[in-house]
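The structure appears below as C-alpha cells.
Since we're looking at a predicted model, the values are computed, not measured.
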Amino acid sequence: MRPRLLVGVAGTATEIGKTWTTAAMITALRARGLAVGARKPVQSYDPDDPGPLDAEVLARAAADTAASVCPAARTLPVPMAPPMAADALGLPRPLLADLVTETTWPHALDIGFVETVGGVASPVAHDGHSTDLLRHLGVDVTVLVADAGLGTIDAVRTAARFFDGAPTVLVLNRFDERLDMHRRNLDWLRTSDGFDPCTTPDEAADRLVAVAAARP
C-alpha cells in the first residue's frame with residue numbers, strides 16, 4: 001500500500017526543524033479531516049538526551065506508535081549518521097533497499113510523510129544519502145525545511161540541486177516577520193531564485209492539499 005500523496009521531508013542541515021515541521025503539518029492536515037501517517041525509516045539519537053525521539057514526536061502527531069513510525073531495529077542509540085551508528089554498534093549495515101522494503105503503510109492514507117535524517121546529503125544508509133532514499137521511495141513531492149536566518153539562501157540553493165527540478169515545497173522554519181533579515185531572505189528567494197517559500201507549517205499543509213488535489 002502507498003498513500004495517495006507520498007511526501008518526503010528533507011532539511012538543509014541537521015537540527016533545522018524537520019521533525020517539528022512535519023509534526024505540525026500532520027496536525028494541520030488531520031484537522032482538515034485527512035488520514036495522514038508518518039515514517040522515519042531509520043533514526044539515531046543521543047541516549048543522554050531526555051527529549052522525545054523523532055519517531056515519538058511524529059507518532060504523537062499522527063496518532064500512531066513510535067515502532068510503526070521507525071522500527072525498533074532501526075532506532076540507534078548513538079548520535080551519529082545512521083550508517084556510522086550501525087557500525088559503532090556492530091550492527092548489520094543498513095542499505096537503501098532495506099529501508100525502502102521496510103517502509104510500509106496502513107490502508108487508505110491520504111498523505112504519508114517520510115522524514116529523512118540530517119541534511120539532503122547526510123548518509124542515511126551505507127549506499128546512499130537522504131535524497132537518494134526519497135528518490136528510491138518515489139515520493140511525489142518533497143518538503144525542504146530551511147532556516148529563515150543568515151546563510152539560508154546558500155543552503156537552499158545547494159540543497160535544491162539534489163532534487164533536479166522535482167516538485168518541492170520550501171518551508172522557512174522559525175520565520176519571524178519582525179526580523180529584517182528574515183523578510184529579506186524571503187523576498188530574495190522569491191524574486192531572485194524563483195522559490196515560493198512557506199513561512200508556517202499550516203501554509204505548507206495547504207500547499208500539499210493543493211498538490212494532492214491537482215493529481216489525477
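The main-chain N or O of Ala61 is never found under 3.5 Å from a side-chain atom of Thr27 such that the two would form a donor-acceptor pair. In terms of modelled atom types and a separation under 3.5 Å, the side chain of Thr152 and the main chain of Ala148 share no donor-acceptor contact. Looking at Ser44, its side chain does come within 3.5 Å of a backbone N or O of Met80 through a donor-acceptor pair. No side-chain donor-acceptor contact under 3.5 Å links Arg207 to the backbone of Glu203. Not a single donor-acceptor pair under 3.5 Å links the side chain of Asp193 to the backbone N or O of Phe195.
Here the CZ atom belonging to Arg190 is positioned 12.0 Å from the CG atom belonging to Asn185, to the nearest 0.5 angstrom. For the atom pair OG1 of Thr65 and CD of Glu56, the computed distance is 11.0 Å after rounding to the nearest 0.5 Å. With values rounded to the nearest 0.5 angstrom, Lys40 atom NZ is found 3.5 Å from Glu115 atom CD. Going from atom CD1 of Ile153 over to atom OG1 of Thr12 covers 12.5 Å, rounded to the nearest 0.5 Å. The CH2 atom of Trp20 sits 14.5 Å away from atom CD of Glu15, with the distance rounded to the nearest 0.5 Å.
In plain terms, the two heavy atoms of Gly11 and Leu144 that are nearest each other are C-CD1, 3.9 Å. For the residue pair Ile16 and Asn173, the shortest heavy atom distance occurs at O-ND2, 2.9 Å. In terms of heavy-atom proximity, Val7 sits nearest to Val139 at C-CG1, 4.3 Å. Of all non-hydrogen atoms in Pro94 and Ala125, the two that sit nearest each other are O-CB, 3.3 Å. The shortest non-hydrogen separation linking Val9 to Thr116 is O-OG1, 2.8 Å. Summarising the geometry of Ile26 relative to Ala38, their closest heavy-atom pair is CD1-CB, 3.7 Å, with the distance given to 0.1 Å.
Every residue two or more places apart in sequence or in another chain that forms a ring pair (Phe, Tyr, Trp, His ring centres under 6.0 Å) with Phe175 is listed here: His182. A search for ring pair (Phe, Tyr, Trp, His ring centres under 6.0 Å) contacts involving Phe162 returns His129, not counting sequence neighbours.
Residues Leu34 and Trp105 fall into different hydrophobic clusters, defined by Ile, Leu, Val, Met, Phe, Trp and Tyr side chains chained together at heavy-atom separations under 4.5 Å. Cluster membership check: Val42 shares its hydrophobic cluster with Leu137, using side-chain heavy-atom separations under 4.5 Å among Ile, Leu, Val, Met, Phe, Trp and Tyr. Follow the hydrophobic side-chain contacts under 4.5 Å out from Met25 and you reach Val36 in the same cluster. The hydrophobic clustering, which links ILVMFWY residues whose side-chain heavy atoms are closer than 4.5 Å, places Phe163 and Val211 apart. With hydrophobic clusters built from ILVMFWY side chains whose heavy atoms lie under 4.5 angstrom apart, Leu76 shares a cluster with Leu96.
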* To do: Walk me through it: do Val120 and Ser130 pass the test side chain to side chain contact (heavy atoms under 4.5 Å, CB included)?
  => CA-CA 5 Å; Val120 293; Ser130 286; 5.6 Å; no

* Give the intermediate values and the outcome of side chain to side chain contact (heavy atoms under 4.5 Å, CB included) for residues Leu208 and Phe113. => CA-CA 11 Å; Leu208 293 175; Phe113 289 89; 3.7 Å; yes

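When each of Leu189, Asp147, Thr200 is checked for a side chain to side chain contact (heavy atoms under 4.5 Å, CB included) with Leu172, only Leu189 meets the rule. No option in Asp140, Val141, Thr142 other than Val141 meets the side chain to side chain contact (heavy atoms under 4.5 Å, CB included) test with Pro167. Of the candidates Asp64, Thr104, Thr103, Asp64 is the only one forming a side-chain hydrogen bond (donor to acceptor under 3.5 Å, both in side chains) with Arg39.
You'll find the side chain of Ile111 stays beyond 4.5 Å of the side chain of Pro3, heavy atoms only. With a 4.5 Å cut-off on side-chain heavy atoms, Val117 and Gln43 do not count as touching. Side-chain atoms of Arg183 and Asp180, non-hydrogen and from C-beta on, do get closer than 4.5 Å to each other. You'll find the side chain of Arg74 reaches within 4.5 Å of the side chain of Asp98, heavy atoms only. A heavy-atom distance below 4.5 Å is not found between the side chains of Asp54 and Cys70.
Through direct or indirect side-chain contacts shorter than 4.5 Å among Ile, Leu, Val, Met, Phe, Trp and Tyr, Tyr45 is connected to Leu53.
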